[in-house]
> 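Here it is, the structure, as structure tokens.
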2 protein chains.
Amino acid sequence: RKKNLRLFPLAGESTALVYTTHGEPSQVIKLGTLQLPSLGDKSALVKMLAAPINPSDINMIQGTYAILPDLPAVGGNEGVGQVIEVGSKVKTVKVGDWVIPRDAGLGTWQTLVVLSADDLVTLPSDIPLLSAATLGVNPCTALRMLSDFEELKPGDTVIQNAANSGVGQAVIQIAAAKGVHTINVVRDRPDLSQLTDRLKVMGATHVIKEETLRRPEMKELFKFYPRPKLALNGVGGKSATELLRHLQSGGTMVTYGGMAKQPITVPVSALIFKDVKVRGFWVTQWKRNHGHSNMLDELCTLIRAGKLSPPACTEVSIKDFHKALDNAMKPYISTKQVLVM
Amino acid sequence: RKKNLRLFPLAGESTALVYTTHGEPSQVIKLGTLQLPSLGDKSALVKMLAAPINPSDINMIQGTYAILPDLPAVGGNEGVGQVIEVGSKVKTVKVGDWVIPRDAGLGTWQTLVVLSADDLVTLPSDIPLLSAATLGVNPCTALRMLSDFEELKPGDTVIQNAANSGVGQAVIQIAAAKGVHTINVVRDRPDLSQLTDRLKVMGATHVIKEETLRRPEMKELFKFYPRPKLALNGVGGKSATELLRHLQSGGTMVTYGGMAKQPITVPVSALIFKDVKVRGFWVTQWKRNHGHSNMLDELCTLIRAGKLSPPACTEVSIKDFHKALDNAMKPYISTKQVLVM
């Protein structure tokens, strides 16, 4: 557990989304005023600009996530802010810099925050606001999963479920930039054809419904594209088992989320006779082990080249947080909710 | 499918255990007489000495294995024979050599067999008969699983189920030779204390029942030994999930068998937050990709040093094959059935 709400002498006030107990976000999250600590030698005062609501933020508030802050805590793990004051010994960031948090659990859903300069990573100044606010978690997850598990060459295939999630949209774009085909699985929904069009514009090779994964027409698809070397699973349960079934021999399934709240069932024969590899990925741990910088450079290069856009976002004022939380928890999220301060 | 029963001009006769349809071994396996083909330039006549009945032999006869021979076929995939005649162009084996089959599916349950010299691997002449007959499948599986997935150092721990299987007994001995602790899970049975003693004499650090895996006393064990880096699963189902639960962060579970005929259930959180890796191993494919020789040298060195004995075996004449098959299919197999010719 990490303490993200510090009680130091007054140096100003922050408007923040705070929770004092774990529970349903709509019930436990309150808009409050926090006293800011005075600025230490090695800390920076950051004015938050925008911060998204990610599925892991919700799980953290519910108390079901792998890491939990000490309570009371400020919600949010990702976002971009601008440095407005720095302590006398701070060398790594300067006034005016755009910064994102180095680690999870620091509390980004607030207007002003004093953080240790060591907890901040500077972004280049030419990255658009929504890209910057949503860069540190989902595109990093997508990039690492596409880079670290299988060597993908142009013409290879990746299959993923939750293709409309923040990670999913980044996977589509980064894979397309590498010349890698994506087969994108989404749940059936009323606006399926618009969603399909939107994902195809991003670079999706195919967009299919969960039900189609079980149908013989999948075989037709693999007449035109090689079977996937890599499957990316943000759902779990049956959806994951279906992804696994379509992998080529020796391929890898990487799990980064479990939206269905069901474990993954792996046939023994797939492991032994198809040499399928079942792995997991957690970007928070990866960043703790490896740091940020090369990864952010690579993503910023894609953003500048017009090859990586932020997910479809809805900007909501921090004061309308109830609406944003409600939208973020709807079963079919069509846009990422981003709090603007 | 591989043709293992060749119909060439007469050059002698072999007594063989043949099946013409897939089904229960006790019903479909018949003792028959086969006409031997004449010896080609590049083939060898081999007098089989001893051949075990492995679980994969049973599955192959039942028709449920990943590779199946053309029918009619001779049973058995492993065994040792002696070369009694070679073709004029054969350089790799000579008369008198002890040989084992290079690949699965060649049919070892027979008294005489003509095989391509390329299908034979020579063993050193100082290896005892039962070791030689049971060397090519289970000890190879054990050695590779202990070598290729995690770097094990003396003092590390491996956990395995099916600890009394052919693979399990080889794992215990090879791990002990490397100074690696083994936690060995077996099903409860009437002769549990004798079995425990027998596995401990081989080098098992701990022998526990399946039920114990779910009990708090497991925690006590991990006060004395590090949590396992490697779990070896020959069972599947709940037993596999329990092994997985005890792995250390970043550890690997390797599945080589599915005795319980149930898939493996993997919690999403174990993959994401514990970075557990779920893999499979199939020795037949490994040998096709990599060949035999270094692996057999390493195992023969252990045998000569008295560190690797064959599993507890019962030798049965090929004519008493019904008894051997019945014993091999009992739910609690205490000894490996080996047909002697």
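Lettering of chains follows the sequences in order, A, B, ..., and the numbering in each one begins at 1.
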> How long is the span from the OG atom in B/S269 to the CH2 atom in A/W282, to the nearest 0.5 Å?
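Interatomic distance, B/S269 OG to A/W282 CH2, rounded to 0.5 Å: 11.0 Å.
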
> Name all residues meeting the side-chain contact (heavy atoms from CB on, under 4.5 Å) criterion together with B/N138; count only those two or more places apart in sequence or in a different chain, and write none if there are none.
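So B/N138 forms a side-chain contact (heavy atoms from CB on, under 4.5 Å) with B/N54, B/V167, B/K336.
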
> Mind checking the CH2-CG spacing from B/W286 to A/D275? Nearest 0.5 Å is all I need.
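Rounded to the nearest 0.5 Å, the CH2-CG separation comes to 13.0 Å.
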
> Can you say whether A/T265 sits under 4.5 Å from chain B via the side chain, the backbone, both, or neither, judging by heavy atoms?
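Answer is both: backbone and side chain atoms of A/T265 are under 4.5 Å from chain B.
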
> Pick out which of B/L271, B/I264, B/V278 makes a side-chain contact (heavy atoms from CB on, under 4.5 Å) with A/I264.
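Per the side-chain contact (heavy atoms from CB on, under 4.5 Å) rule, the option paired with A/I264 is B/L271, out of B/L271, B/I264, B/V278.
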
> If you count heavy-atom pairs within less than 4.5 Å of chain A, which of B/V268, B/V266, B/T284 leads?
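It is B/V266.
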
> Taking side chain as C-beta onward, heavy atoms only, is A/R279 less than 4.5 Å from B/V276?
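No, side chains not in contact.
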
> Select one option (side chain, backbone, both, neither) describing which atoms of A/F273 are under 4.5 Å from chain B's heavy atoms.
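The answer is both parts of A/F273.
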
